[in-house]
Amino acid sequence: MVSVCVLLRRAFSPQASRLKDTEEYYERSMENLIARFEIFAPPSLLSRPPSPTSRYPMAFLDDLDPKRPTQVELLGKLFVIWADHDKTWHAFEDQCPHRLAPLSEGRIDERGNLQCAYHGWSFSGQGGNVNIPQAEPEIKAVAERSSRACAKVVPLMVAQGMAWLWPDNSLEGMEASRGVLPSTVPELNDPSFIKGAWVTRDLMYGYDTLVENVVDPAHVPFAHHGVQAQRSMAMPLNVSLNHVGREGVFLSLPRLANSTIEFHAPTRLHYQFDFSGFFARIPFMKWSWAIEKKLRRLPPDTPPRSSLVSYTIPVGPGRSRILALFPRNFFAMNKPRWMDHLERNAVLDGDLVFLHGQEREMRRPELKWEENIDRAFYMPTKSDEGVRAFRQWIVKWGGGGPRWAEGVDPSLPPRSVDREFLMDRYNQHTKQCSACKGALQNIRILKGVMTVGALVCATAVWTPRPAKMLAKILGAGLAQLMVAWQCVRLEKRMVFIDYIHAEK
């Protein structure tokens with residue numbers, strides 16, 4: 001009988017884990033396309049038992065450290081993502097088969113295997129056990145070949161700089177995964193587009209609340225006043241619903257940069273903007289774009305376009321993760337990633353507290369939102385078309401919400417009033433982001449150096465010296481004090497900044 005370890009090695013060899021641009025592969029992908037959108041549906045709503053047939057982008061590769069394993073959570077279940085010495089990425093369930101210790105607490109050993117921190121059991125990228133240090137010589141080979149000694153491999157694919165996890169590691173699920181492509185960003189395949197900014201953050205509200213929020217552009221002038229827009233910019237948006245079906249929700253919004261909003265179920269929410277009209281009204285923008293097209297050798301009729309792509313990840317009940325990208329084909333320069341994230345986190349803070357509360361109010365039993373969302377919400381304007389359509393999708397085609405892993409309590413955690421917990425930028429973003437984590441370390445070092453320098457200057461001022469030298473020392477001390485103060489401000493923005501709408 002072929003062991004599970006052997007099957008895993010066959011299914012997840014490096015060749016099997018790569019994207020295959022073959023006709024057969026795409027045919028199989030299309031056959032699985034419909035099944036991809038049935039991830040949330042319970043058996044009662046389907047003609048066959050459902051399986052979690054979607055790939056979820058869990059992290060940007062830029063934020064994964066190839067020298068150490070990283071824990072991620074999806075549908076209430078913990079997984080570990082890690083890279084071997086060949087920089088090939090792998091994913092396991094986050095538990096050692098020995099005593100169920102989390103493998104994410106382990107390390108990459110000298111041979112490029114994942115080693116458990118508890119007793120040193122080591123696993124290859126295919127999940128096979130390659131070392132049980134405690135095994136006696138007479139049983140070592142048999143013990144290590146046992147299927148019970150294997151780590152539980154989970155299908156992982158790398159595409160467009162993201163690690164995509166497939167949460168179903170049953171034999172049927174693993175086979176099905178080989179025929180399903182990630183829901184990637186089409187613009188990133190266009191050479192005229194740049195990746196733009198990209199950011200990840202964990203949020204203290206659920207998957208459906210996140211999708212509902214992102215598909216609703218009308219909240220921006222108020223929820224993100226002073227960051228993305230102004231309250232005075234609020235206006236009727238006349239959102240038009242083009243289609244809602246198993247594959248998702250598709251809307252158009254001509255009044256806002258001739259944009260479209262596409263929810264490719266269950267995880268990609270895609271805004272597309274055409275700024276041709278806006279650029280034509282502003283001479284500077286028009287001339288700048290004309291010059292850029294010549295410098296970059298773009299076709300003269302190329303319109304200025306940008307996108308907002310949000311991947312909405314169901315982490316657990318009442319918790320979600322967003323991976324956002326902002327590709328564009330104009331102004332092909334980016335500011336440092338950590339600086340960009342200061343603004344992106346301020347945007348996410350703007351509605352975090354009230355969304356955490358809103359989803360608990362919506363689930364009061366008497367509202368029965370599953371039967372009719374208009375019973376829970378009063379939505380008289382066309383700007384709410386996307387919210388209504390998404391709620392229709394999640395009831396009719398999404399099974400009412402995510403299907404959590406076995407044993408996960410689907411009820412929401414108690415409502416929290418701890419604002420520092422809800423808007424904890426450090427744990428929700430900074431410590432997971434390679435750019436912000438590195439910047440925070442440098443800021444703290446610079447703050448310490450400048451503080452010491454300012455104290456030295458302050459001490460030197462009291463020593464008898466010529467007036468001109470004292471003035472220079474005093475000026476240097478004040479300059480260092482100002483730099484230290486700015487470092488304190490930046491440090492706070494990477495850890496916690498309260499967002500109080502009444503003060504905006």
Side-chain angles (χ1 to χ4, degrees), residues 58-72 81 104 161-162 194-204 224-228 321-326 331-353 418-461 472-501 503-504:
M58 298 306 300
F60 293 105
L61 295 187
D62 290 342
D63 297 328
L64 293 176
D65 187 348
K67 298 179 182 179
R68 61 189 304 169
T70 300
Q71 184 186 75
V72 297
I81 298 176
S104 57
M162 292 174 277
I194 66 167
K195 186 176 182 180
W198 61 102
V199 65
T200 306
R201 181 152 175 189
D202 292 327
L203 302 165
M204 299 308 295
H224 308 304
H225 170 75
V227 181
Q228 272 191 320
R321 168 173 286 194
I322 185 170
L323 276 71
L325 302 94
F326 305 84
F331 302 158
M333 291 182 64
N334 288 329
K335 56 182 161 182
R337 191 175 174 223
W338 69 270
M339 293 181 64
D340 179 81
H341 289 181
L342 295 176
E343 179 180 339
R344 307 294 177 191
N345 277 306
V347 171
L348 292 168
D349 281 344
D351 42 26
L352 207 157
V353 172
D418 185 346
R419 300 175 70 87
E420 191 165 350
F421 167 73
L422 294 175
M423 293 185 282
D424 181 358
R425 288 191 188 181
Y426 180 77
N427 285 298
Q428 295 170 4
H429 170 76
T430 301
K431 78 174 185 180
Q432 305 175 54
C433 172
S434 59
C436 293
K437 185 177 181 180
L440 180 59
Q441 291 173 346
N442 292 334
I443 287 167
R444 285 173 169 169
I445 292 172
L446 181 60
K447 179 184 70 173
V449 171
M450 291 296 102
T451 301
V452 171
L455 290 174
V456 170
C457 290
T459 303
V461 166
K472 290 180 179 179
I473 293 173
L474 182 60
L478 289 174
Q480 291 179 91
L481 193 61
M482 288 296 295
V483 173
W485 177 64
Q486 289 294 336
C487 288
V488 170
R489 294 184 64 195
L490 285 173
E491 184 178 5
K492 287 182 178 179
R493 294 178 70 184
M494 291 186 171
V495 176
F496 167 72
I497 291 287
D498 202 355
Y499 198 109
I500 302 174
H501 285 271
E503 298 177 359
K504 298 292 182 179

Practice item. Grab the two heavy atoms, one from A59 and one from L323, that are nearest each other, plus how far apart they are. Key: N-CD2, 3.8 Å

Check your understanding: Do I81 and L64 have side-chain heavy atoms sitting under 4.5 Å apart?
Key -> yes

Practice item. Check the surroundings of atom NZ in K437: do more than 12 heavy atoms from other residues, nucleotides or ligands lie under 6.0 Å from it? Key: no

Check your understanding: Where the side chain of S434 meets the backbone of D62, is there a donor-acceptor pair that is under 3.5 Å apart?
Key -> yes

Practice item. Taking H429 for its side chain and R201 for its backbone only, find out whether a donor-acceptor pair lies under 3.5 Å. Key: no

Check your understanding: What's the shortest heavy-atom distance between F326 and V199, and which atoms?
Key -> CE1-CG1, 4.3 Å

Review point. Under 3.5 Å, is there a donor-acceptor pair between the side chain of H501 and the main chain of G350?
Key: yes

Review point. Measuring from N442:CG to L490:CG, what's the distance to the nearest 0.5 Å?
Key: 11.5 Å

Revision key, fill the gap. Nearest heavy-atom contact between A454 and G477 is CB-O, 3.8 Å

Check your understanding: Can you tell me if Q228 uses its side chain to pair, donor with acceptor, with the backbone of E343 under 3.5 Å?
Key -> no

Check your understanding: Tell me, do L446 and V483 make a side-chain contact under 4.5 Å, heavy atoms counted?
Key -> yes

Check your understanding: Is it true that D63 and R337 have a side-chain N and a carboxylate O under 4.0 angstrom from each other?
Key -> yes

Check your understanding: Do T430 side-chain atoms and M494 backbone N/O form a donor-acceptor pair below 3.5 Å?
Key -> yes

Point to revise | Residues V72, R321; criterion side-chain contact (heavy atoms from CB on, under 4.5 Å); working and verdict | key: CA-CA 10 Å; V72 297; R321 168 173 286 194; 4.2 Å; yes

Exercise for review: First locate atom CZ of R419, then atom CZ of F496, and finally report the distance between them rounded to the nearest 0.5 Å.
Suggested key: 7.0 Å

Exercise for review: Identify whether the distance between the nearest side-chain nitrogen and carboxylate oxygen of R425 and D349 falls below 4.0 Å.
Suggested key: yes

Check your understanding: Going from OG1 on T200 to CE on M58, what distance comes out if it is rounded to the nearest 0.5 angstrom?
Key -> 10.0 Å

Review point. Can you tell if the side chain of R444 reaches within under 4.5 Å of the side chain of Q441, non-hydrogen atoms only?
Key: no

Review point. Run the side-chain contact (heavy atoms from CB on, under 4.5 Å) check on R489 and Q486 step by step: do they pass?
Key: CA-CA 5 Å; R489 294 184 64 195; Q486 289 294 336; 3.7 Å; yes

Check your understanding: Would you find a donor on one side and an acceptor on the other, under 3.5 Å apart, between the side chain of Q432 and the backbone of N427?
Key -> yes

Practice item. Evaluate the criterion side-chain contact (heavy atoms from CB on, under 4.5 Å) for residue pair M450 and C487; output intermediate values, then yes/no. Key: CA-CA 9 Å; M450 291 296 102; C487 288; 5.6 Å; no

Practice item. Working to the nearest 0.5 Å, report the span between CD1 of I443 and CZ of R493. Key: 9.5 Å

Exercise for review: Starting at OG of S104, measure out to CD of Q71 and round the result to the nearest 0.5 Å.
Suggested key: 4.0 Å

Revision key, fill the gap. Taken to the nearest 0.5 Å, the spacing of H224 NE2 from D351 CG works out to 4.0 Å

